[in-house]
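Every chain is numbered from 1, with letters handed out A, B, ... down the list of sequences.
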Amino acid sequence: MALVLNEEQLMLRDSARDFLAESAPVSHLRALRDSGSSDAFSRELWAGMVEMGWTAILVPEEYGGLDYGFTGMGIVLEECGRTLTPSPLLGTAMTGVAALRFAGSAGQCASLLPAVAAGDHILALACDEGNPHDPGRVGTRAEESASGYLLTGTKTAVLDGHIADTFIVSARNGDGVSLFMVPADAPGVQLDRYPTLDINAAANLNFDRVELHNNSLLGSSGKGASLLDRVLDVARIGSSAEMLGIAQESFQRTLEYLKERKQFGQPIGSFQALQHRAAHLFGEIELCKSLVLKALQALDTDIEDCAELASLAKAKLSETAHLATTEAIQMHGGIGMTDDFDIGFFLKRYRILETAFGDRYFHLDRYARLRGY
Amino acid sequence: MDQMKQFRQEVRDWLETHCPESMRSPYRSEADVCWGGRNFEFQSEDQRLWLQHMASRGWTAPAWPREYGGGGLGRVEVKILKEELARIHARPPLLSFGISMLGPALLKFGSEELKQQHLPPIIRGEIRWAQGYSEPNAGSDLASLAARCEDRGDHYCLNGSKVWTSYGDKGDWMFCLVRTDFEARKHEGISFVMFDMSTPGVSTRPILLISGKSPFTETFFEDVRVEKDQVIGAVNQGWTVAKYLLTHEREMIAESGLSSAGTKPVGKTAAQLLGTENGILHNSMLRCDIARFEMDERCLELTIERARDEVKAGVSLGAVSSLFKYYGTELNKRRNELLMAIGGNDALVWEGGESHDGQLPRGWLRSKGNSIEGGTSEIQLNIVAKRILGLPG
């Protein structure tokens, strides 16, 4: 597959860019914060995204979706990264839908996917249990009961956890690790919401003998670890796409500032010390564009080295989005440190995305392991 | 699609018959490289045959037009040919500055006569070309070059010198940047000329590098006769040709260090030489550096692939070759640093059997020049900052 976007994908990108510029530029995020919204996202905007078809991009046609593929989803997430638009797209429309596509039973798909496509149902992946990210560490237990399972344990740092309708939870049962679909309103589910530095929120979860039906098992019993890996790789590639948007936009803003800000009687962008750093950063972002596109295409074609590419993308985009957002502040000088100015928001959001689903160190280690050293 | 499948099969069958067995393995040392040229001594009959077979199909320059002896292949076909060559680990039949640098400039700017004269012998590996660009006082500031080429009516007369001529002592012909207008502004008085290096007045002196090898020479011109029909592009318009050629040189340098070019992955080398425990290298610091290197290497490979696909889709590349040159060479330096770390004391041996005559330390030392030759990393960053990012000054 050629490493370029096709006509249709370019149109999707342009329409996403237009929609976000109109409905959810960075000022939308600031207004949301200043309003003190506890959801930390706008249901009205979400309805607009549904209308754009974004929640349905990955949903198969038989469940009322567009079946448009991961590359399309990634394009939208990249644009959301540019505008720092808060929404449950990554967790619900990309990661959650992927989990159902990979392993959902006909019944699970029929009951959840149309609702997700319609924007009426929010999904959240709950797999971490403390620091650091380690999906292999599963203390949560699902004991077999007469009608299904009894779920007990805790999950931490669940993104969109404060607004989710269903959690996808990893737990240990008799066969090993399995994944379960857990309704947020089930008795025994306790939710502890906390605000995050990016003006968003997340939640820690506690499960106290939560009764689950047999049909809440996602995929085969005991096969949850490898399924979780696949689902996480989708989330990793999705968050990489969002970080690509963050890196590009903060670089773009910085570049404009370099051309316009004058000191010593000339634009600061005429100084070689800054030019070389800007050129280097531009190069890093170009590398990231190729990598993210390749990783998205890999999800669509289901090629073998998806895991390798997911870890590469997460590690490299973490590194580059970090460089782009910190250089942005340094090159903006004092004004970059002020809350009045938007550039600091990019650094904050990047930090969430690097940490989620494994940071660069986690993924460099995983990549080396996958490469046999 | 079927046509391409058929082409692949045809290539595969042809290679099966025409690629000698001994040419189906990576180079063991620099001596295995076939450079061609008047005075080239083939290492083996197989090496000679391999070049001859490939040249007969024009596959030493697969994308060049058939009328000059090239392969006349489209981009997809070129890719298939490359893949099939890689599949059997075939060595390049010919390394040639004529193909990688001069040819593209000739095809774009050369007159029909010049193309007819020079392209076929390049493709057949009969003439080895040398590049006359840098001068003692014109390095990064290449356009300030001073080699003086005076009009003597029916010919030009060249005086001056060049430096950093790759394999200058082995070249048959030279393509050379010279000053033909001594009053004009520096970019506007340069011409791109070619001459036979056996012309009286041309001499070379090898430059000994820190690697202990001499891949470059100084080249001196004393009243050298240059024929008037051997100018590419218009007289005094040579800078345009020079810059175009440089973009090809940069791409060549950028790709030479990638593991897709046939070198063994660094991580694999480390695992083999240092051993692993539960599949993991013992030294976690080294392991991290290797992983970061391999990450960036893959990113560059993907970006070169994307750039090619974008060209196919009609997006222009331009100054991006500067970016590739910068990254490719910085990466190659990192690769060599890691190989030295992995090699430890074994990497310090300068001569002798097991060290392949110090291949590792010499390669490491040589790699330091990668980010200098063909335009330094700093010059590449200048180009990106000004031409792509539009930064002032």
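- A:F271 CZ: more than 12 foreign heavy atoms inside a 6.0 Å radius.
- Judged purely by atom type and a 3.5 angstrom limit, A:R351 has no side-chain atom pairing as donor or acceptor with the backbone of A:H322.
- With chain A as the partner, the residue from B:T276, B:L300, B:N382 showing the most heavy-atom pairs under 4.5 Å is B:N382.
- Checking side-chain atoms of A:S270 against main-chain N and O of A:Q266 turns up no donor-acceptor pair under 3.5 Å.
- In this structure, the portions of B:I290 lying under 4.5 Å from any heavy atom of chain A include both its backbone and its side chain.
- Heavy atoms closer than 4.5 Å to chain A are found in both the backbone and the side chain of B:E378.
- Ranked by heavy-atom pairs shorter than 4.5 Å toward chain B, the options A:A313, A:A2, A:A315 are led by A:A2.
- The closest side-chain donor-acceptor pair between A:E327 and A:T254, if any, does not fall under 3.5 angstrom.
- Checking side-chain atoms of B:K325 against main-chain N and O of B:G375 turns up a donor-acceptor pair under 3.5 Å.
- Of the two parts of B:L389, the backbone and the side chain both hold a non-hydrogen atom closer than 4.5 Å to a non-hydrogen atom of chain A.
- Inspection of the B:W164 and B:E373 side chains reveals no N or O donor paired with an N or O acceptor under 3.5 Å.
- Listed by first then second residue, pairs satisfying side chain to side chain donor-acceptor pair (under 3.5 Å) with a partner in residues 1-12 of chain A read A:E8-A:Y68, not counting sequence neighbours.
- Side chains of A:Y373 and B:E294: a donor-acceptor N/O pair is present below 3.5 angstrom, by distance only.
- For residues 272-299 of chain A, heavy-atom neighbours of chain B at less than 4.5 Å comprise A:Q272, A:Q275, A:H276, A:A278, A:A279, A:H280, A:F282, A:G283, A:E284, A:E286, A:L287, A:K289, A:S290, A:L291, A:K294, sorted by residue number.
- Neither the backbone nor the side chain of B:Q380 comes within contact range of chain A; no heavy atoms are under 4.5 Å apart.
- In terms of heavy-atom pairs under 4.5 angstrom with chain A, the leader among B:E277, B:R292, B:R287, B:K268 is B:R287.
- Here B:P392 is the residue among B:G393, B:A385, B:P392, B:A271 with the most heavy-atom pairs under 4.5 Å with chain A.
- Within a 6.0 Å sphere centred on NZ of A:K223, other residues, nucleotides and ligands contribute 12 heavy atoms or fewer.
- Within a 6.0 Å sphere centred on NZ of B:K186, other residues, nucleotides and ligands contribute more than 12 heavy atoms.
- The contact between B:R298 and chain A is made entirely by side chain atoms (from C-beta outward), counting heavy-atom distances below 4.5 Å.
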